[in-house]
Each structure stands twice: as C-alpha cells, then as structure tokens.
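No hydrogens, no waters, no symmetry mates; every other heavy atom, side chains included, goes into these values. To find a chain, count down the sequence lines: A is the first, B the second, and so on, and within it residues start at 1.
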Amino acid sequence: IQMTQSPSLLSASVGDRVTLSCKAGQNINNYLAWYQQKLGEAPKLLIYNANSLQTGIPSRFSGSGSGTDYTLTISSLQPEDVATYFCQQYNSWTFTFGSGTKLEIK
Amino acid sequence: EVQLQQSGAELVKPGASVKLSCKTSGYTFSNYYMSWLKQMPGQNIEWIGNIYGGNGGTGYNQKFKGKATLTVDKSSSTAYMDLSSLTSEDSAVYFCARATDGYFDFWGPGTMVTVSS
C-alpha cells in the first residue's frame with residue numbers, strides 16, 4: 001500500500017498549530033502509526049491505531065482520520081518538535097511508510 | 001525499561017555478508033515479534049521482515065527475500081539479521097524494532113552498514 005505524505009517540508013512558528021497529512025492508497029482501517037525522527041536518531045512512536053497516544057508522548061500531539069486520509073496535529077509547536085515525521089500503515093502485509101514531512105521552525 | 005542494543009557500524013566489501021545483532025532487555029522476548037527496517041541516507045524507511053521471539057517464525061518483505069535472513073537466540077534475548085551478497089544499494093542504517101500489532105513501539109539506535117571496496 002502506497003503512503004503519501006504532505007507537505008514534504010513545513011516551516012512554522014513556535015506556538016503554531018501544525019497539521020501533517022498522510023494518504024493511503026486504499027482503506028487501511030485506522031491501522032496507522034505516526035513516528036518522529038530527529039536527526040541522527042531512531043524513529044520514536046507517537047501515535048498508533050490512528051488516534052491513540054503512545055505512553056509518555058506529550059498531549060500536544062494528536063492523530064485523527066479514517067479510511068484513506070489521516071492527520072497528525074501538533075497543537076502548539078515547540079522548538080524540540082523539529083524533526084521528520086513518518087506515517088506507517090499496518091493494515092496489509094507488507095508494512096509501508098510514507099516519505100516523511102520535515103518540520104522546521106520559522 | 002525496554003531496551004534494544006544494536007551492534008556497531010560495519011564496513012564490508014561488495015559481495016560479502018554481514019550479521020547484525022539486536023540484544024533486548026526489559027520485556028519478555030518470546031512474547032513479541034522483532035522487526036528489522038532499512039533507512040538509506042535521507043530516505044524513506046523500508047520494512048525488511050519480522051521474526052517471532054517465541055518460535056523463530058518469520059515473515060519477509062518480498063523485496064528482501066534472499067537478501068536478509070532473520071534469526072533469534074531466545075537464551076540471550078537477541079535477534080540477528082544476516083545480509084548477503086552486499087552491494088552499494090545495501091549501504092544504509094538498519095534498525096531493529098519491537099513490533100506490537102504491526103506498529104513499532106521500541107527501536108534500537110541503528111547500525112550503519114557501509115559497502116565499499
């Protein structure tokens with residue numbers, strides 16, 4: 001299943017509400033995860049099952065969507081949120097990732 | 001605390017093989033799948049395959065069949081990945097990650113593999 005993320009690059013100010021999009025090539029039944037990857041680090045799980053917040057992740061992160069269209073929202077952007085964000089579907093074997101959205105601070 | 005410790009960076013010659021390791025602690029190894037993933041510099045993440053810690057049962061991304069072989073040692077709670085017939089296209093960072101219902105909740109720090117003569 002092809003996963004398409006947009007935009008590829010996003011520049012926003014501290015405190016902004018930020019929305020990242022992920023579109024699946026077919027219905028993935030909410031079997032979607034979001035990861036944050038900082039430079040030189042391993043990805044970190046933020047959201048699973050489209051809208052469940054992983055333990056220890058700040059509540060400013062939230063996920064939503066259904067069917068083929070999903071969104072990651074950061075309610076108030078912080079400097080430490082600078083990273084690349086990937087979505088991943090696990091509805092179908094072979095698990096696939098989007099190409100990522102790089103988030104910068106303006 | 002769940003921890004995944006990966007082996008160090010590798011520099012290997014084209015045509016050679018390499019074996020990467022992922023030593024785990026902080027959870028019951030035999031109750032979970034371990035996945036391996038590939039990330040080339042500045043690129044997307046690719047899922048290579050899964051292995052079940054309990055019985056060593058495997059599932060592979062078709063793209064990596066014949067390239068990667070996954071094994072486990074339950075006695076040491078360690079997962080391994082053999083990569084064979086290496087080419088420049090195999091130069092990448094390889095992650096192990098604990099799989100829970102298809103998503104990856106804990107990741108190792110990654111092992112960089114460089115294929116060069």
Problem set entry | Validation row: A:Asp69, A:Ser21 side chains within 4.5 angstrom (heavy atoms) | no
Problem set entry | Cationic N near anionic O, under 4.0 Å, A:Asp16 to A:Lys106 | no
Problem set entry | Heavy-atom closest pair, residues A:Cys87 and A:Leu32 | CB-CD1, 4.0 Å
Problem set entry | Residue among B:Gly108, B:Ala99, B:Gly102 with most heavy-atom pairs under 4.5 Å to chain A | B:Gly102
Problem set entry | Residue A:Phe95 versus chain B: region with a heavy atom under 4.5 Å | both
Which side chain or backbone donor-acceptor pairs connect chain A with chain B at less than 3.5 Å?
unit_1: A:Tyr35; atom_1: OH; unit_2: B:Phe104; atom_2: N; d: 2.9
unit_1: A:Gln37; atom_1: OE1; unit_2: B:Gln39; atom_2: NE2; d: 2.9
unit_1: A:Gln37; atom_1: NE2; unit_2: B:Gln39; atom_2: OE1; d: 2.9
unit_1: A:Gln88; atom_1: NE2; unit_2: B:Gly102; atom_2: O; d: 2.9
unit_1: A:Phe97; atom_1: O; unit_2: B:Asn44; atom_2: ND2; d: 3.3

For this session: Quick one: closest heavy-atom pair of A:Pro43 and B:Ile45, and the distance?
Result: CG-CD1, 3.8 Å
Exercise. Side chain, backbone, both or neither: which part of B:Phe104 has a heavy atom under 4.5 Å from chain A?
Worked result: both
Exercise. Of all heavy-atom pairs between B:Met34 and B:Cys96, which one has the smallest distance, and what is that distance?
Worked result: SD-CB, 4.0 Å
For this session: Could you check which of B:Gly49, B:Pro109, B:Gly59 has the highest count of heavy-atom pairs closer than 4.5 Å to chain A?
Result: B:Gly59
Problem set entry | Heavy-atom closest pair, residues A:Ile47 and A:Leu72 | CG1-CD1, 3.9 Å
Problem set entry | Minimum heavy-atom distance between B:Ala68 and B:Ile48, given as atom pair plus value | CB-CG2, 3.6 Å
Problem set entry | Atom of A:Ile105, atom of A:Ser11 and distance for their closest heavy-atom approach | C-OG, 4.2 Å
